[in-house]
Amino acid sequence: MEEKMDFNDVEMSLTEHSNHSEREVSVTKNDDHLLVKTERTFDSNANETELTDPIINKKDEEDVKVAIKLSTIEEYGTNNRKPKDFILFAGVIEAFKYIFSFVLLAFCIAMVMGCIFTRQSAAAHYNIHPIAAAFLFWFLICWLAMIEGGQGCIVGLQPIDPEKYSHSHQKTHENVELVRIGDNMDRFIIGRQFLVVLVIFLINACGSASPGADPFGLPKIWNDIFLENGIAMMMTTIVIGQLTSQVNAAVCMLDFINNYLMLFTTYLSLGVEYSGLLHSVYLVQIGFSKITGMTIESNEPPRNAFMQCFFWMQVMASTTLLGYCLAVTLQALIDGNSGMWDGVPSWASMIIFFVLMCFAGLMDGMQIAAFALLNIPEEELRHHPVAYTNCQLMFSGQNLQSFLIGRQVFVAALIFIVARIAAISGPDGYTIFGASDYIQGFYNTGLLGSIVLTNFGSLMWRIVASNVPVAFMSNPVVYVIIRVCLLFEGTGICSASWGLARIHKAIAGYKPDGFYLEKEEEEEEGGTVEP
């Protein structure tokens, strides 16, 4: 059972800034309640309200301040109360969003599975049996969900003492301890990012519809929207393979990664980085640190001569491989034998390819830059008007959560589109740079495009964003992207992820992390906790 806050001798004063006014908030204890008084400095409006059921279960004074600022001002302020009719109308709208999202998701799943079982998907081109293709498709979706949610869990559990869950969640303990060694966290993130792109490429190669696919005899416009343009595939992958897992991973970190699949993913992510496949990104990191004069932080001792030589050999090999992958992809675009839509000229195909990668990288870097600016004093940020405006918009109310959801959808959609463009689909006998049929068959999978996208459309932008977050957020395009993400999330197209997360949580038996951590603390004190 949760305990309410103990606000003994709590007295504080907060100031809230907004676009229209500034409110002074004073909090004092009155018997068993909190008396919260807010006054606008620009007008004479003032109000008082009592807070009897705080929504944040913390005892630390700093957390109390956060609780007051988040829950009291925004939830209990008299000026923010809405008429009952408005609340009812908002509830109807939310219900409609959920129903619409579930229906749309079910239709998209049916379209994808219909193509697979009628042999009108990409899997049929590889002579994969429909049952095996369906199994592979859903395995990749589940694996993507583990990869997406797993990173948040591993990062989120870093501040918590691993010994508190070493007995109750042994696999979680192994995952966290493995990543805590030296610079393994950075290695894990790099390898994991490649796995995300790779798995989405494989999902696309397995379940994307063949040209002219029509599994249910629907009007052509329906097939064009959901199959030809890949909407059905994107919707299925984003809602089930990404958003649903992230909802549960945010509050059930201990349970979510307490399995062998996540342990395998962690080892594989570290293995991908160790292979040197993506070491070209370190060249960008080192070059950028030289330009900016910033020191690259490390939790490991300096490399000896042998390790330094081995490292630079990996960087050179990775850079050469990246250049070759880019050359193969661009040659297919120039020859008009890529997955680009019919009628798009070669020069436009290359422009679209790079523009989409830039947008994917920009959205990836925005998240890194935004969190890096959380602790920068407001007075300092005001010296950078564009960055300040972008941060004010992003951190206002529930905008951050809405932006992250909208951003996730757009990044995944861009990866799908780039995966389609990078897939090589030339006529029989077509080869690039005189490659053998076996090598050309490997090219045709589009996996070379995954290496290009991981570097140019993700990791390099992350490095820039982490080193110069203020300059990154000073881009006026960032403001437009934030608005578009908020608008898209507001449509409720992906609202089904919240309902699916509850179903998944109930089936898997997930419990909030606080349940286990509080239980561990009470057992150490010789107490018990109610289930």
Side-chain angles (χ1 to χ4, degrees), residues 93 96-125 130 133-134 137-138 140-141 144 200-244 338-345 348-349 352-353 355-356 359-360 363 405-423 425 446 449 481 484-497 499-500:
I93 294 297
F96 174 78
K97 288 181 180 180
Y98 273 90
I99 295 173
F100 172 74
S101 181
F102 268 107
V103 172
L104 179 61
L105 176 63
F107 179 75
C108 290
I109 294 174
M111 293 290 279
V112 173
M113 291 294 100
C115 288
I116 290 178
F117 282 102
T118 58
R119 296 181 180 273
Q120 299 182 68
S121 70
H125 295 287
F137 176 82
W138 287 111
L140 291 173
I141 290 289
L144 178 63
I200 291 181
F201 266 68
L202 293 176
I203 290 173
N204 188 63
C206 178
S208 60
S210 303
D214 182 15
F216 302 117
L218 297 175
K220 185 176 183 301
I221 188 173
W222 288 83
N223 293 322
D224 288 344
I225 294 174
F226 288 95
L227 298 179
E228 185 67 20
N229 292 318
I231 300 299
M233 177 70 68
M234 294 181 195
M235 182 74 178
T236 303
T237 304
I238 293 170
V239 173
I240 301 179
Q242 294 182 302
L243 297 181
T244 298
S338 68
M340 179 60 73
W341 287 267
D342 295 336
V344 180
S349 298
I352 293 173
F353 179 70
V355 168
L356 292 179
F359 268 104
M363 289 187 182
I405 293 175
R407 169 205 159 275
Q408 182 68 57
V409 173
F410 273 105
V411 169
L414 289 173
I415 293 176
F416 267 107
I417 297 173
V418 173
R420 170 179 175 152
I421 296 174
S425 57
I481 293 177
V484 173
C485 290
L486 295 177
L487 178 64
F488 186 85
E489 193 278 336
T491 63
I493 291 177
C494 297
S495 294
S497 59
L500 291 175

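In this structure the side chain of Lys97 never reaches within 4.5 angstrom of the side chain of Phe102, judged on heavy atoms. Between Leu243 and Val409, the closest side-chain pair of non-hydrogen atoms falls below 4.5 Å. Considering only heavy atoms from C-beta on, Cys108 comes within 4.5 Å of Leu104 through its side chain. With a 4.5 Å cut-off on side-chain heavy atoms, Ile240 and Trp138 count as touching. Here the side chains of Ile421 and Ser349 are not in contact, with every heavy-atom distance at 4.5 Å or above. You'll find the side chain of Ile109 stays beyond 4.5 Å of the side chain of Met235, heavy atoms only.
Judged by distance alone, with hydrogens and angles left aside, the side-chain atoms of Ser208 form no donor-acceptor pair with the main-chain N or O of Ala205 at under 3.5 Å. Checked by atom type and distance alone, the side chain of Arg407 pairs as donor or acceptor with a backbone atom of Met363 at under 3.5 Å. Judged by distance alone, the side chain of Ser210 and the main-chain N or O of Gln120 form a donor-acceptor pair under 3.5 Å. Put simply, the side chain of Ser101 gets close to the backbone of Ala496: a donor and an acceptor are under 3.5 Å apart.
Separating the OG1 atom in Thr491 from the CG atom in Leu486 is a distance of 11.5 Å, to the nearest 0.5 Å. Leu500 contributes atom CG, which lies 4.5 Å from atom OG1 of Thr244 (distance to the nearest 0.5 angstrom). Here CG of Leu105 is found 6.0 Å from OG1 of Thr236. Values are rounded to the nearest 0.5 Å. To the nearest 0.5 Å, atom CE of residue Met233 and atom SG of residue Cys206 are 7.5 Å apart. A distance of 7.0 Å separates CH2 in Trp222 from CD1 in Ile225, rounded to the nearest 0.5 Å. Between Ile493 atom CD1 and Ile238 atom CD1 the span is 10.0 Å, to the nearest 0.5 Å.
Between Thr118 and Pro215 the shortest heavy-atom distance is OG1-CB, 4.0 Å. In terms of heavy-atom proximity, Ala134 sits nearest to Met113 at CB-SD, 4.4 Å. The nearest pair of heavy atoms linking Cys494 to Phe488 is SG-CE2, 4.4 Å. In terms of heavy-atom proximity, Ala422 sits nearest to Gly449 at CB-CA, 3.9 Å. Scanning both residues, Phe410 and Cys485, for their nearest heavy atoms gives CD1-SG, 4.1 Å.
Phe107 and Phe226 have their aromatic ring centers within a separation under 6.0 angstrom.
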Using the side-chain contact (heavy atoms from CB on, under 4.5 Å) rule, take Phe359 and Ile481 through it: C-alpha gap first, then chi angles, then the decisive distance, then the call. CA-CA 9 Å; Phe359 268 104; Ile481 293 177; 4.1 Å; yes
Could you walk me through whether Gln242 and Ile200 satisfy the side-chain contact (heavy atoms from CB on, under 4.5 Å) test, starting with their C-alpha distance in whole Å, then the side-chain angles of each, then the deciding distance to 0.1 Å, before giving a yes or no? CA-CA 11 Å; Gln242 294 182 302; Ile200 291 181; 4.1 Å; yes
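With sequence neighbours excluded, the residues forming a side-chain hydrogen bond (donor to acceptor under 3.5 Å, both in side chains) with Glu489 are Ser402, listed by chain and number.
With Leu227 as the partner, the side chain to side chain contact (heavy atoms under 4.5 Å, CB included) test is satisfied by one option alone out of Asn223, Asn229, Ile231: Asn223.
Annotation for Phe216: atom CZ counts as buried by contact number, over 12 foreign heavy atoms lying within 6.0 Å.
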